[in-house]
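In what follows, residues are counted from 1 in the order of the sequence shown. Both backbone and side-chain heavy atoms feed into the values below; hydrogens, waters and symmetry mates do not.
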Amino acid sequence: TPRSIVDADTSIGIALGMAVSYTGGGALRVPAILDLSVVKVSGGATRSLRYQSAKKRCAVAYDRTKSEGLQGHAAFAKTKMTMKFTSERLTCLLLTVAIRFKPHVAIAANTLYGKRASLYHGAFLIAENGLPMQEDRLRFLMNREIQKYLPGLSVAPLRHVTEAISLKAVENIAPTSDRNYENVMRLTMIALSAHSEATS
């Protein structure tokens, strides 16, 4: 039914949003996950979820971050140049949803809520009841899922845990003779966490 399709779209979007958030270096903030889009939206909004055919992976492009105004122009310019690539399996899931499932979702949302709702559900990874999901609502749902498997943790500390692992990985793989490489990679991992070096 249209109702079940729209409900499934929301739950699938949340699951994929969490998966994208916790794969690769650093981690997305909850507002950044809400901004992920699967198609170019009429009105000029930039597509943040892209398929890179050379790498055969979906990538998240950082077109906007929560700390955009806090990072300074130079730091944010580096962040905007940073892409976070998913795993092959996650890429297949994202493409399956975007190509095969979202067209049905758009029709179902239009039936239930009208044309504007079909745009939200068809364009963004996560929408709910014909509207973009609120940040606090998504944080609550994600924290509820995290609590099932990792009691005592939540979205906020998990982001710092994944960043710490990323920075430690840079230390382990960087050539000991090339400090410039290590520093560039470290800044990249910080950019993937969508905040400034001072915050890190």
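Between the side chain of Q147 and the backbone N or O of L153 there is at least one donor-acceptor pair closer than 3.5 Å. Of the possible donor and acceptor atoms, one in the side chain of H121 sits under 3.5 Å from a partner among the backbone N and O of G130. The backbone N or O of F124 lies less than 3.5 Å from a partner atom in the side chain of K102, making a donor-acceptor pair.
Between V38 and L125, the shortest heavy-atom contact is CG1-CD1, 4.2 Å. Nearest approach of S48 to S37, heavy atoms of both residues: OG-N, 3.1 Å. When all heavy atoms of T91 and Y51 are compared, the closest pair comes out as CG2-CE1, 3.9 Å. Annotation for K84 and S21: closest pair NZ-O, 2.9 Å, computed over non-hydrogen atoms. Listed here is the closest heavy atom pair of T10 and A127: OG1-O, 2.6 Å. Minimum heavy-atom separation, I5 to F101: O-CZ, 3.8 Å.
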What's the verdict on side chain to side chain contact (heavy atoms under 4.5 Å, CB included) for R29 and D35, showing C-alpha distance, side-chain angles and the deciding distance?
CA-CA 10 Å; R29 292 167 179 247; D35 282 341; over 6 Å; no

Stepwise side chain to side chain contact (heavy atoms under 4.5 Å, CB included) check, Q134 with L34
CA-CA 8 Å; Q134 296 298 309; L34 284 168; over 6 Å; no

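Within a 6.0 Å sphere centred on CD of E145, heavy atoms belonging to other residues, nucleotides or ligands number more than 12.
Between L16 and I12 there is a side-chain heavy-atom pair separated by less than 4.5 Å. Looking only at side-chain heavy atoms (C-beta outward), R57 and L90 stay at 4.5 Å or farther from each other. Residues R50 and Q52 are in side-chain contact: their nearest non-hydrogen atoms beyond the backbone lie under 4.5 Å apart. Counting only heavy atoms from C-beta outward, the side chains of L49 and V60 approach each other to under 4.5 Å. Looking at C58 and L95, their side chains come closer than 4.5 Å, going by heavy atoms from C-beta outward. In this structure, the side chains of D7 and E128 stay at 4.5 Å or more apart for every pair of heavy atoms.
Taken from OG in S118 to CD1 in I107, the straight-line distance is 9.5 Å, to the nearest 0.5 Å. Rounding to the nearest 0.5 angstrom, the gap separating the CG atom in N143 from the CG atom in L158 is 8.5 Å. Atom OG1 of T162 sits about 6.5 Å away from atom OH of Y22, to the nearest 0.5 Å. With rounding to the nearest 0.5 angstrom, the CE atom of M18 is 8.0 Å from the CD1 atom of I33.
L36 and V6 fall into different hydrophobic clusters, where Ile, Leu, Val, Met, Phe, Trp and Tyr residues are linked whenever their side-chain heavy atoms come under 4.5 Å apart, directly or through other members. In this structure, L112 is not a member of the same hydrophobic cluster as L119, with clusters built from ILVMFWY side-chain heavy atoms closer than 4.5 Å. Hydrophobic clustering, with ILVMFWY side chains joined whenever heavy atoms are under 4.5 angstrom apart, keeps I99 apart from I126. Placement of V161 and L150 in two distinct hydrophobic clusters is found when ILVMFWY residues are connected by side-chain heavy-atom separations under 4.5 Å, directly or transitively. Criterion: ILVMFWY side-chain heavy atoms under 4.5 Å apart, direct or through other members. Under it, I14 and F140 are part of a common hydrophobic cluster.
Checked by atom type, the side-chain pair R116/N110 shows no donor-acceptor distance below 3.5 Å.
Comment: K56 does not engage E88 in a salt bridge, judged by the lack of any side-chain N to carboxylate O separation of less than 4.0 angstrom.
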